[in-house]
Q: 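Before anything else, here's the structure in question.
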Amino acid sequence: MPDCTYYTTAIDYTNAAPHIGHAYEKVLTDVLARFEKLKGEPVYFLTGVDQHGQKVQQSAEKEGVPPQEFADRCTEKFLALWKTLGVDYDGWAATTHPVHKNVVQKILQKLHDEGQLYKQAHRGFYSVRQEQFLTDKERNESGEFGPEWGQVVELQEENWYFRLAQHREWLLHYIDTHDSFIVPTFRRAELRNAVEKISGDLCISRPKSRLSWGIELPFDTEYVTYVWFDALINYISFAGYLAEPGSGLPEFSKLWPARAQVIGKDILIPAHGIYWSIMLHALGFPDDQIPTLLVHGWWNIAGAKMSKSLGNTVDPVLLAERYGSGALRYYLMADISTGKDSDFSEERLRMRFNDELANNVGNLLNRTLNMSQRYRSGILRNPPLADAGLQTLSSQEAPAAVSAYTEAMTEYRIDASLHAVVQFARACNQLIEASAPWKLAKDPTETDRLDAVLYHLAESLRIIGILLAPVLPEASHSIFEQLQWPHPARLRDVVWGQLPEGHVLGIPTPVFPRLEAPATPQTE
RNA sequence: GGGCCUGUAGCUCAAUGGUCAGAGCAGGGGACUCAUAAUCCCUUGGUUGGGGGUUCGAAUCCCUCCAGGCCUACCA
């Protein structure tokens, strides 16, 4: 068991600007990492960018800039977005980094020396214009390659192959005996069927004449390695695998295996489920060192048919500007159940934010502090009082909310964990109605009851602030400020009764101002 | 062609084979005034896509059909 919880995300390809799906995956992983911090556990969160490859090379040529410059420019957009969204990673995996290149080459050499790689000629149809070999998939109805491919010639080319098929039986057995390999479980069957159909090996090289923007094969310098042996290795190269002394990277044995590798459903088969697991196995990683793949779904675009002509991607930068990064983070976490798809809609973003955060949680804080200031000068007292409603809140509803939250978080069900928090806030609002502090305030004999109600509300809000921290770190901080709770968010503080007798609460300011529909909606 | 997922209230989604299929939003009615025109209570709304089957019992398991989505297709 590693000492430190390690999470990775897929690394994004630096050929286009980030969209909502990129933002979702990183926020999801950020929330998981922040939850570990909330528990006080060490965590290492790695994300990054995949900068090599043919598309980057082509796009750079088109713009007349060196590929590194093109990749860097695109990388900036991702870095800026993570900053805006509060994605707080510990390690940054950029595949053009020398440390990474070095590890990739060591791995290639090792596999080469052990006979896992071989060179073989392939004969096929090649499109000169598109600079790629064509398969039967590219043929049209009449069985020919259409004019979009330009001149098509039949030629022969030698390349390096990885003995993938040799590990097929191992992988099948591994899938069958390791329930937690793929989360959610319904993806296992899909992967298993794909593995059973593995027939050939994996081509892992491109001749430099066709692709120069990549990592050179150490044993055959006329070639660069292609995609998978470059990109996938980031998960271990930046975690300190085979690192030189003094590299400044983490100690590999403390991180590996990762608690989960967060990826989209589109890259489970074949990339991660097959190539990556077999690569690790071939490198000698034992079965208990193969990490869990947490496979998330996609955000589909509502009304896609209508806005197709406009290009229906959703720009997370624009959304964060319009609604704030907190609102966007909350929506992305609350409105999808991990693993499944969901429809993206700005209207739902506003609806959920307004209902659950502004009206429910935010207003709860506001009315509580306001009543405390108005009736009791903000001073908290906790008189012993036999009141069934208050007792239920403190001894049943609060602990139940915490345990439902924690359980859901542990199972990566962020939506369910947020639901538990919102439900608890709702119970607090109900308590206010039932106890009507504004009436108690008018009756001098009810002072104790008034104090007890306010104390219960303040404690509940303190707990809510803690639980919201992974998803809404800024809002959580501002709840604490208004409560004058001096500690950072820590899960151990969810124990009831931490606010001391005589504690003074702050002045209320809306933490979640209601969102209004913009004049020019993006996706509605 | 092969495979996977989904189909439950107007919308978004819940329900280890076991009370009467539940929440939130939206709709309708009412209450309250501490609060961000917020909150609270009551309420309308379902032949669980159709049809068979297994079972004492099915939204859940099996078969089949329908609809939608996704992956994959001797590969560079």
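Worth knowing before you read on, the calculation uses all heavy atoms, side chains too, and leaves out hydrogens, waters and symmetry mates. First the proteins, then the strands, lettered A, B, ... as listed; each starts at 1.
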Q: Taking only the C1' atom of each, what is the distance from B:C56 to B:G45 in whole angstrom?
A: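 Per the computed distance, 32 Å lies between those C1' atoms.
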Q: Give A:Val511 one of three labels, base, sugar-phosphate or nothing, depending on what nucleic acid heavy atoms sit under 4.0 Å from its own.
A: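 Base: the residue A:Val511, judged by heavy atoms under 4.0 Å, touches a nucleobase.
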Q: Whether A:Asn359 contacts B:U36 is assessed here as follows: a side-chain N or O lying under 4.0 Å from the phosphate OP1 or OP2. Is that the case?
A: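 False: A:Asn359 side-chain N/O out of range (4.0 Å or more) of B:U36 OP1/OP2.
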Q: Give me the distance, rounded to whole Å, that separates B:A26 from B:G68 when you measure between the C1' atoms they each carry.
A: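 It works out to 24 Å between them.
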Q: Can you work out whether A:Glu158 or A:Asp341 has the more 5'-proximal nearest nucleotide on RNA chain B?
A: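 Taking each residue's closest nucleotide, the earlier one in sequence belongs to A:Asp341.
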Q: Does this structure show an ion pair linking A:Arg322 with A:Glu346, if we count only N-O contacts that are shorter than 4.0 Å?
A: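 Salt bridge flag = yes for A:Glu346 with A:Arg322.
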Q: For a quick check of understanding: with a heavy-atom distance under 4.0 Å over all strands, which category does A:Phe512 fall into, base, sugar-phosphate or nothing?
A: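 Contact class for A:Phe512: base.
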Q: Cut-off 3.5 Å, side chains only: do A:Thr225 and A:Asp230 have a donor facing an acceptor?
A: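 Not at all, the side chains of A:Thr225 and A:Asp230 share no donor-acceptor pair under 3.5 Å.
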Q: The side chain of A:Arg374 lies closest to which of these nucleotides: B:C4, B:U72, B:A35?
A: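 Between B:C4, B:U72, B:A35, the one nearest the side chain of A:Arg374 would be B:A35.
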Q: Classify the nucleic acid contact of A:Gly297 as base, sugar-phosphate or nothing, counting any heavy atom under 4.0 Å across all strands shown.
A: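 The answer is nothing, as A:Gly297 stays clear of every strand by at least 4.0 Å.
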Q: Any base atoms under 4.0 Å from A:Arg187, or only sugar-phosphate, or nothing? Heavy atoms, all strands.
A: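 Since no nucleic acid heavy atom lies under 4.0 Å of A:Arg187, the category is nothing.
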Q: Given B:U33, is OP1 or OP2 found less than 4.0 Å from the side-chain N or O atoms of A:Arg367?
A: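 No, outside the criterion.
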Q: Grab the CE-P distance between A:Met351 and B:G27 for me, whole Å please.
A: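 Computing the A:Met351:CE to B:G27:P distance gives 12 Å.
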Q: Hey, which of these two, A:Glu356 or A:Asp415, hits RNA chain B nearer its 5' end, going by closest nucleotide?
A: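 Comparing both residues, the 5'-ward one is A:Asp415.
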Q: Base of B:A35, side chain of A:Asn363 - is there a donor-acceptor contact under 3.5 Å?
A: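 Yes, a donor-acceptor pair under 3.5 Å.
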Q: Using whole Å, report how far NZ of A:Lys197 lies from P of B:C74.
A: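 Rounding to the nearest Å, NZ of A:Lys197 and P of B:C74 are 10 Å apart.
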Q: P atom, B:C65 versus B:C4: distance in rounded Å?
A: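 After rounding to an integer number of Å, I get 15 Å for this pair.
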Q: Do A:Asp448 and A:Arg381 meet the salt-bridge criterion of a basic N to acidic O distance under 4.0 Å?
A: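 Answer for the salt bridge query: no.
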Q: Please determine which of A:Thr9, A:Val183, A:Ile182 meets the side chain to side chain contact (heavy atoms under 4.5 Å, CB included) test together with A:Leu294.
A: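 So, applying the side chain to side chain contact (heavy atoms under 4.5 Å, CB included) to A:Leu294 and each of A:Thr9, A:Val183, A:Ile182, only A:Val183 qualifies.
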Q: Specify the separation, in whole Å, of atom CG of A:Asn370 and atom C1' of B:U39.
A: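 The distance from CG of A:Asn370 to C1' of B:U39 comes to 14 Å, rounded to the nearest Å.
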Q: A:Ala194 near the nucleic acid: base, sugar-phosphate alone, or nothing, with a heavy-atom cut-off under 4.0 Å?
A: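 A:Ala194: no heavy atom of the nucleic acid under 4.0 Å.
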Q: Any base atoms under 4.0 Å from A:Arg206, or only sugar-phosphate, or nothing? Heavy atoms, all strands.
A: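 Answer is sugar-phosphate: A:Arg206 comes under 4.0 Å of backbone atoms only.
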Q: Is a donor from one side chain sitting under 3.5 angstrom from an acceptor on the other, for A:His272 and A:Gln261?
A: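 Judged by distance alone, the side chains do not pair up.
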Q: Considering only side-chain heavy atoms of A:Asn193, which listed nucleotide, B:C34, B:C25, B:C4, is closest?
A: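 The answer is B:C4.
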Q: Using a strict cut-off of less than 4.0 Å between a Lys/Arg side-chain nitrogen and an Asp/Glu carboxylate oxygen, indicate whether A:Arg462 and A:Glu459 qualify as a salt bridge.
A: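 Yes, this pair counts.
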Q: If you look at every strand shown and take non-hydrogen atoms under 4.0 Å, does A:Glu157 touch a base, only sugar-phosphate, or nothing?
A: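 The answer is base, as A:Glu157 lies within the cut-off (heavy atoms under 4.0 Å) of a base atom.
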Q: Say we look at B:A67 and B:G17: how far apart would their P atoms be, to the nearest angstrom?
A: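 Comparing P positions in B:A67 and B:G17 gives a spacing of 30 Å.
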Q: Nearest whole Å is fine: how far is B:A38 C1' from A:Arg514 CZ?
A: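 So the two atoms are 8 Å apart, to the nearest Å.
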Q: Using atom CG of A:Asn354 as one end and atom C1' of B:G24 as the other, report the distance to the nearest whole Å.
A: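 One finds 14 Å between C1' of B:G24 and CG of A:Asn354, rounded.
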Q: Using the side-chain heavy atoms of A:Trp438, tell me which of these nucleotides is nearest: B:U12, B:C71, B:U33.
A: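 Nearest listed nucleotide: B:U33.
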Q: Assign A:Arg192 to base, sugar-phosphate, or nothing according to its heavy-atom contacts below 4.0 angstrom with the strands shown.
A: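 No contact.
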Q: Rounding to the closest angstrom, what is the interatomic distance between B:U16 and B:A21 at atom P?
A: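 It works out to 15 Å between them.
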Q: If we count only N and O atoms by modelled type, under 3.5 Å, do the side chains of A:Glu158 and A:Tyr223 hold a donor and an acceptor together?
A: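 No pair is found: no donor N or O on one side chain lies under 3.5 Å from an acceptor on the other.
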Q: State the OH-OG1 distance between A:Tyr405 and A:Thr410, to the nearest 0.5 angstrom.
A: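 Taking OH in A:Tyr405 and OG1 in A:Thr410, the distance rounds to 9.5 Å.
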Q: Using distance alone, with no hydrogens and no angle criterion, decide if A:Asp335 and A:Tyr330 have a side-chain donor and acceptor under 3.5 Å apart.
A: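 Looking only at side-chain atoms, A:Tyr330 and A:Asp335 do not form any donor-acceptor pair under 3.5 Å.
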Q: Under 6.0 Å between ring centres, would you say that holds for A:Phe219 and A:Trp160?
A: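 Under 6.0 Å, so yes.
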Q: Calculate the interatomic distance between A:Asp335 atom CG and B:U12 atom P; express it in whole Å.
A: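 Rounded to the whole Å, the gap is 10 Å.
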Q: Quick one: which of B:C40, B:G24, B:U72 gets closest to the side chain of A:Pro270?
A: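 The answer is B:U72.
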Q: For atom C1', what is the distance between B:A15 and B:U48, given to the nearest Å?
A: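 Between the two C1' atoms, the distance is 11 Å.
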Q: For RNA chain B, produce a single dot-bracket line, 5' to 3'. Pairs: Watson-Crick or G-U wobble, both distances under 3.5 Å. Symbols: ( ) within strand, [ ] crossing, | other strand, . unpaired.
A: (((((((..((((....[...)))).(((((.......))))).....(((((..]....))))))))))))....
Q: How would you label the contact of A:Ser337 with the nucleic acid (heavy atoms, under 4.0 Å): base, sugar-phosphate, or nothing?
A: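 Sugar-phosphate contact only - A:Ser337 comes under 4.0 Å of backbone atoms but never of a base.
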Q: Could you check how far CG of A:Asn429 sits from C1' of B:A31, rounded to whole Å?
A: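 Those two atoms, CG and C1', are 15 Å apart.
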Q: With respect to the phosphate group of B:U12, does any side-chain polar atom (N or O) of A:Lys340 fall under 4.0 Å of OP1 or OP2?
A: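 False: A:Lys340 side-chain N/O out of range (4.0 Å or more) of B:U12 OP1/OP2.
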Q: Look at A:Gln430 and B:C41 and indicate whether a side-chain polar atom (N or O) is within less than 4.0 Å of OP1 or OP2.
A: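 Yes, within the criterion.
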Q: Given the P atoms of B:G27 and B:G22, what is the spacing between them in whole Å?
A: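 B:G27 and B:G22 have their P atoms separated by 24 Å.
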Q: How far does the C1' atom of B:U54 sit from the matching atom of B:C63, given to the nearest Å?
A: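 My reading of the C1' atoms in B:U54 and B:C63 gives 11 Å.
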Q: In whole Å, I'd like the distance from the NE2 atom of A:His419 to the P atom of B:U12.
A: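 So the NE2-P distance, A:His419 to B:U12, works out to 18 Å.
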